[in-house]
Novice: 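Below is a structure I'd like to ask you about.
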There are 2 protein chains.
Amino acid sequence: MGGRTSKRKVTIRDVAERAEVSISTVSHTFSGLRPISRATRDRVLKAAAELGYEANPSARSLRTGRSGLVGLVLRPRFAVAHTRDRAETFNRLVGSVATEMLRRKVGLIHVPELDDPAVASVPMDGCIVAHPYGGDSVVTELLRRNVPLVTIEEDPERPELPWAVRLDYSTAVSGLLDHLREQGADRVTLFTGGEDNAWNRRTRETYHAWCERHGHRARTELLSESLSADSAATRIRRLLTVPRRPDAVVVATSDFAAIVVQIARELDLRVPEDLMVAALTDSEHSRLSTPPITAMDLSHEQLAAAGVELMLARLAGAATPDGPVVIGPDLRFRASTRRDGGAR
Amino acid sequence: MGGRTSKRKVTIRDVAERAEVSISTVSHTFSGLRPISRATRDRVLKAAAELGYEANPSARSLRTGRSGLVGLVLRPRFAVAHTRDRAETFNRLVGSVATEMLRRKVGLIHVPELDDPAVASVPMDGCIVAHPYGGDSVVTELLRRNVPLVTIEEDPERPELPWAVRLDYSTAVSGLLDHLREQGADRVTLFTGGEDNAWNRRTRETYHAWCERHGHRARTELLSESLSADSAATRIRRLLTVPRRPDAVVVATSDFAAIVVQIARELDLRVPEDLMVAALTDSEHSRLSTPPITAMDLSHEQLAAAGVELMLARLAGAATPDGPVVIGPDLRFRASTRRDGGAR
DNA sequence: CGCACGCGTCAAAACCTTTTGATGGGATCG
DNA sequence: CGATCCCATCAAAAGGTTTTGACGCGTGCG
């Protein structure tokens, strides 16, 4: 290496010396907080450019108390999940939050760990928590630390937090159930997920309310997200060979919905004629299945955009909103629920 | 709010006062750099817990010169791309880097902007640059700043940088061309992308080398990634209605490959009998098309895993490797190139 | 002519850590 | 008993920035 690139970083002091001004003058030149004469400014700018000066971000945020960075925590640690369904959800969520942040030129940090003292904590001005659990410990911790918080989907135990974006499950899930009924379904069973988050809770609630409203006998089965494909298949097979089996199932995850379709074929049940299948989240599984599976798309992109906007507004000092921003999930009607052949 | 949560953050000084020890003793208690007696340690730990002390990350990294964070820059600003193809690529890449970093409990920062002085720079110990352009300006800047750098895919103008992960296009693309030839293709045209990155360069080079090796007349057409679907369609239509039109096309992006299939149908060309189609990147477009399109999968997950591992090794002080880590892309043979009906 | 004020600049404080040389006391060894 | 060493702790420096009170000088106004 040439002697050109020395190990030591160039600091504001180096610039000041070279421009023959004080340190504070250099700072003011960049911040514009105090007026600087034209001549001095030019000298400082020239010196800074020649030296390749770049303010040390740690020193800056130590002083100002702000880092210009926003944290992101994904609650179900999708990362450890190995199913393609969850990977797609994770990727879409992370990708769209990142896209939104990049567009606004604010740095985004994936927070590795909040509790573990062995893991260095990160300098963030605020934190977005996506898909918190009920009474989520990460939310608790962030509240304790006074870190401005925005949640994507609510913490079901903290409906009072107004800085949140949430999906309107009530309308969408009712719409889906209405559709199944219209298509002739009589015994709709819900295969719900086991994680305690808004998605599972609200869809379940809506299902029960809808059943009550329509005098439909509510029937739910637990199909934990953590099941392997094989265990899920075994369990599904059992659930479909029961007396008075359902003629329509709404499955939480779309990979399990695809398995339902597969098992149905195995059992010589035609989809949708003998069994309709719908999923409460959309992914390539539902789209590539034969027949393609009706699904509720969780609008991750819209959730992310609204969440980021909310966070930046909050950091900019906006007033506390009255309540969460509400986004409508999109229903994607496909062949797995259309007995009439797709007129809709 | 109760007076419990005061605005001021609790610092190491508060802990020291409460535990009636010096500041340095508190620091040593946590770092373990110097021995601390059992009694004192307990007192300090208790005080810290009661106060909810958390070291200020900025102050820490100012002092130590390390932040424990790794930056990530995606080079083609996929973010501004609106095609689903690019969104999927972006999501997969970002998602798998994030997954890999979370698994290792190191914070990851999406770097919003490196050149723009108006955008605050970020505290990172190293930076991963994915899919750099030839002579990439971001790479230049990072080298100038002495930031430890790892690239995912090489900067084509800087083949000498050993801290890199790259794909072995030579084998994969040759394999794809061999396959087309086996299936009876005689006039293979390459529809290449316009961006100057390793993917476009290396695939083009391999194509030309392969043509030379087999006495095949090389024919390439530029199909810029930035074209809208409509403009791409127009251009593709023209390219397929030329005298002595190709009987196989290898298309850079999979969304354009899907358009090729569509136009072929429009022109009454059967795929693959009259025209074979393959893509140099895989996405839902290629999988959902009818017929499904043969594609080269860019193994983003493997690239990400290797890139992250390389970065952490570098930060941990590993020796400079001899050369880039090489990953093999996966060929996904599908109906769009199988005249023999899928025996492979 | 005297006073107030605005402008451009400077010096110093503050932000919170980690690191390191120094210190004092007790144990160990010759 | 004196010299040596180790252990636990402390005080102070250093890291690079932003912010703010102060200062000197010229200008405008009464």
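Letters A, B, ... mirror the listed sequences (proteins, then strands); counts begin at 1.
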Novice: Rounded at 0.5 Å granularity, tell me how far CZ in B:Arg144 sits from CG in B:Asn146.
Specialist: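 Here the interatomic distance stands at 9.5 Å.
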Novice: Distance-only, no hydrogens or angles: does the A:Glu54 side chain make a donor-acceptor pair with backbone N or O of B:Ser121 under 3.5 Å?
Specialist: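 Not at all, since once roles are kept as given, no pair shorter than 3.5 Å links the two residues.
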Novice: What is the distance, to the nearest angstrom, from the CG atom on B:Asn56 to the C1' atom on C:dT18?
Specialist: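 Between C1' of C:dT18 and CG of B:Asn56: 13 Å.
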Novice: In whole angstrom, what separates A:Arg13's CZ from D:dA14's C1'?
Specialist: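 About 11 Å, once rounded to whole Å.
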Novice: What's the CD-P distance between B:Glu17 and D:dC10, to the nearest Å?
Specialist: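 Value for this atom pair: 13 Å.
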Novice: Going by the angle between their ring planes, with limits at 30° and 60°, are A:Tyr53 and A:Phe30 parallel, tilted or perpendicular?
Specialist: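 A:Tyr53 vs A:Phe30 ring planes: tilted.
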Novice: Under the 3.5 Å rule, do the base of D:dT18 and the side chain of A:Arg63 count as making a donor-acceptor pair?
Specialist: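 Pair found.
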Novice: What parts of residues 18-25 of chain B reach DNA chain C, counting only heavy atoms under 4.0 Å away?
Specialist: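 DNA chain C contact set from residues 18-25 of chain B: B:Ile23, B:Ser24.
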Novice: Going by atom types only, do A:Ser27 and A:Ser24 share a side-chain donor-acceptor pair under 3.5 Å?
Specialist: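 There is no such pair (donor and acceptor under 3.5 Å, judged by atom type) between the side chains of A:Ser27 and A:Ser24.
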Novice: Can you give me the closest heavy-atom contact between A:Val138 and A:Val129, atom names plus distance?
Specialist: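 In this case the closest contact between A:Val138 and A:Val129 is CG1-CG2, 4.0 Å.
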Novice: What contact category does B:Ser27 fall into here, base, sugar-phosphate, or nothing, at under 4.0 angstrom with non-hydrogen atoms?
Specialist: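 Since a base atom lies under 4.0 Å of B:Ser27, the category is base.
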Novice: Please pick, from D:dG15, D:dT17, C:dT17, the nucleotide with the shortest atom-to-atom distance to any side-chain atom of B:Tyr53.
Specialist: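 Comparing D:dG15, D:dT17, C:dT17 against the side chain of B:Tyr53, the answer is C:dT17.
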Novice: List the steps, then state whether salt bridge (charged side-chain N to carboxylate O under 4.0 Å, His left out) holds for B:Asp42 with B:Arg38.
Specialist: CA-CA 6 Å; B:Asp42 288 350; B:Arg38 184 61 193 272; 3.5 Å; yes
Novice: Whole angstrom is fine here: how far is it from CD1 in B:Ile12 over to C1' in D:dT9?
Specialist: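 These atoms are roughly 14 Å apart.
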Novice: Would you mind checking if B:Arg104 and B:Glu100 are paired as a salt bridge, meaning a charged N to carboxylate O distance below 4.0 Å?
Specialist: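 Yes, charged N to carboxylate O under 4.0 Å.
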Novice: At a heavy-atom distance below 4.0 Å, what parts of residues 28-50 of chain A sit against DNA chain D?
Specialist: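 Correct list: A:His28, A:Leu33, A:Arg34.
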Novice: Answer yes or no: does a side-chain N or O of B:Arg60 lie under 4.0 Å from OP1 or OP2 of C:dT18?
Specialist: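 Yes, such a contact exists.
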Novice: Tell me if a side-chain donor or acceptor on A:Ser67 pairs with a main-chain N or O of A:Ser61 at a distance below 3.5 Å.
Specialist: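 Judged by distance alone, no pair lies under 3.5 Å.
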Novice: Indicate whether any N or O donor in one side chain lies under 3.5 Å from an N or O acceptor in the other, for A:Ser96 and A:Thr99.
Specialist: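 Not at all, the side chains of A:Ser96 and A:Thr99 share no donor-acceptor pair under 3.5 Å.
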Novice: Starting from P on C:dT19, measure out to CG on B:Leu62 and report it in whole angstrom.
Specialist: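 Going from B:Leu62 (CG) to C:dT19 (P), I get 12 Å.
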